[in-house]
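Convention: sequence-line order gives letters A, B, ...; per-chain numbering from 1. Given the structure is predicted, the values throughout are model-derived calculations rather than measurements.
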Amino acid sequence: MAVDVRPLPGADLFDQRLSYRKKQGNILMVMGVASILIGLGVLAILVVDILIRGLPWIDAQFFTSFDSRFAANAGVKAAVAGTAYMMFFTILVALPLGVMAALYLEEYAPDHWITSFIQINISNLAGVPSIVYGLLGLTVFVRFLELGRSVLAGSFTMALLVLPIIVVATQEALRAVPSGVRDASYGVGATKWQTIWHHVLPHALPGILTGNILAASRAIGETAPLITIGALTFVPFVPNSPLDRFTVLPIQIFNWTSKPQTEFHALAAAAIVILLAVLLLMNSLAIVLRNRAVRRRAG
Amino acid sequence: MFQFTRLGRAKQLGIGLTVVLAATLTVACGGSTATPASTSAAGTGTGTPAAAKATATPAAAAAGKPVEPANKADLAKLKGDIIIDGSSTVYPVTAAAAEEFRKHAKDVRISVGVSGTGGGFKKFCAGETAIQDASRPIDPAEVAACQAKGIEYIEVPVAFDGLAVVINPKNTWAACMTKAELKKLWEPEAQGKITRWNQIRPSFPDQPIKLYGPGTDSGTFDYFTQAINGKEKASRGDFQASEDDNVLVQGVSGDTNALGYFGLAYYTENKAKLQLAKVDDKGDGKCIEPSIETVKNGSYQPLSRPIFIYVKKSEAANPAVKAFVEFYLSKSFTPLVQTREVGYIALEDKTYTAIAKRFATGTVGTLFPKGAEVGATLDRYN
């Protein structure tokens, strides 16, 4: 039997220069590493610069003082209190709303065009510029509901801003629950409610919390919507009710950077250190929660 | 599946970090080149917290001594809320007045917002605020808006602001410019045409000119265009604009061929890196440099202007608001207007007295019926 020695079809397209091809791969890798280093390098320079200029200003007085025209007397008390106050109400509103919406979409909603229409819109809402939420908040909460420039108006606006993020994150967490868990629950005669409450939600909880914490860390750094709803700059008091006026850290930072006196720029760096620390803390918490979930699922 | 959640997480982590990074960038860029100035220009070495803390109190006393308010016991008993909003130009003065006032009246909760003069008037004429900060007089449209809502107001000038035209310290030719030359440079028709220094004056070098100015939302832009170009907001558009004056300071200090304008306080803070261009209003060879004296006596024209607060008439009866405005115009606060921390120019004492009297009698309405005027003095209040 004669052996067919014809080359395989397409073999003429094959270029054997192995070292050249390997070199191509190496070039790509070097470019990849360079890309990472550029990003990390810029980040490192910024963080180091902020730390060098900001850290000397952080002392007890910085946390216990209100804003002042003397850099040495100025502090972030009102801003930190306002941020904490606003975030508390933001989460209080956004968490239940977002989780319930995601539960409905994942577990209850029939699979037809209205559902997918809502789904697409939620994904789109997550990409809407934050200033648009500010305008919405100004019209609905500040003017129409007459909440004024209160903590509540700010919280509701921020809750709207982060809702799409929470819904999407919660949906991902719910989808990550193995279908075997649901099937087993139904198999022993549990109702849909019992299945969700006793099995799906506990299983998805770390993922849901992670999503919420990340959503909160987005809200905590937002300035634009709060400026739109008429956020205040000089607030020498801590809000004493949800309907009180307030300011937040990013606005305080923004105000200090635009002052002519250079020592306030260093003061802004100090406030950024605080904001960065809070954010990193929240993000680490999110990572810890996620890792625990992964370990539990694995074990 | 895990891969998927991880991707989602990373993306959101990115969002959170981006926001902080943007803020970080602002400060890092706005401040890194400004650091040398804190030692050289300010002279007191206030770049470090220790130095700033050491000089904090004497600095206030240096420029004139505020007197203790006579009604200290009454101030201490005051309670209430004062909501203030408006111009970012007036903000430093009002915030300083609030800070000083609260040393005596601890239970009065004053908040000051920054919505801009126009944005602030919208809120003021809707009845949302008690006091409005304004870097220009109320304009006829706003008068009508306030009237429609039945909001009566008392007009209170509080200080003068000077706009500085600045050039690079290495610039040896443009130490004095006439108003006509500035107009030739900044008017809308100059766009794309006037691009070299010798086009403004033949004796200037044949060098490209780089322009820096505030963004179009700022009251400084409004006033400069009105005073120099004759029409508010009429300006060439091909200049480097920034809402942050510190960016303009950096721009002009880094380019020999640059020219820019912004509030006098930003020049005062960065003297070592900038040079003032004197302004010759009428082209008669009288070059005037902006300073406390020339702005106060009205000789620095046309780039000085009064700044105001507007007090809602019905709120002026509120003891806390009344006491605050009286304090604002009194010797307990006005000597602080010219300190480095506030950075504005105080009115004549007799003008403050006349304005305080006008406030006490509750005289409503504006003395600027046509809105902003170029070269306005406050003689009309005396």
Bottom line for Val48(A): the part with an atom under 4.5 Å from chain B's heavy atoms is neither
Side-chain heavy-atom pair Phe66(A), Glu99(B) within 4.5 angstrom cut-off: no
Closest heavy-atom pair and its distance - Ile82(B), Arg245(A): O-NH1, 3.3 Å
Just wondering, are more than 12 heavy atoms of other shown residues or ligands nearer than 6.0 Å to NZ in Lys149(B)? no
Which portion of Leu264(B) sits near chain A, non-hydrogen atoms under 4.5 angstrom: neither
Considering residues at least two apart in sequence or located in another chain, which fulfil the side-chain contact (heavy atoms from CB on, under 4.5 Å) criterion with Pro164(A)? Ile122(A), Leu125(A), Ala126(A), Tyr133(A)
Could you give the distance from CZ (Arg340(B)) to CZ (Phe70(A)), rounded to the nearest 0.5 Å? 10.0 Å
Rounded to the nearest 0.5 Å, what's the gap from CZ on Arg149(A) to CD on Glu128(B)? Could you check? 7.0 Å
Verify the neighbour count for atom CD1 of Ile36(A): are there more than 12 heavy atoms of other residues, nucleotides or ligands below 6.0 Å? no
Holding to side-chain contact (heavy atoms from CB on, under 4.5 Å), I want the full list of residues that pass it with Ser242(B), two or more places apart in sequence or in another chain. Asp244(B), Val247(B), Leu248(B)
Please examine the side chains of Asn255(A) and Tyr91(B), heavy atoms only from C-beta on, and report whether any two atoms are closer than 4.5 Å. yes
Looking at every heavy atom in both Pro260(A) and Ala265(B), which two are closest together, and how far apart are they? CB-O, 4.0 Å
State the NZ-OH distance between Lys259(A) and Tyr266(B), to the nearest 0.5 angstrom. 8.5 Å
Atom pair CG/OG of Asn246(B) and Ser258(A) - distance to nearest 0.5 Å: 7.5 Å
Taking every non-hydrogen pair under 4.5 Å, which of Ala96(B), Pro92(B), Ser88(B) racks up the most with chain A? Ala96(B)
Closest contact, heavy atoms only, Phe234(A) versus Ala98(B): CE2-CB, 3.6 Å
How far does CD of Glu269(B) sit from CZ of Phe264(A), to the nearest 0.5 angstrom? 10.0 Å
So, do Arg109(B) and Asn240(A) sit near enough that their side-chain heavy atoms are less than 4.5 Å apart? yes
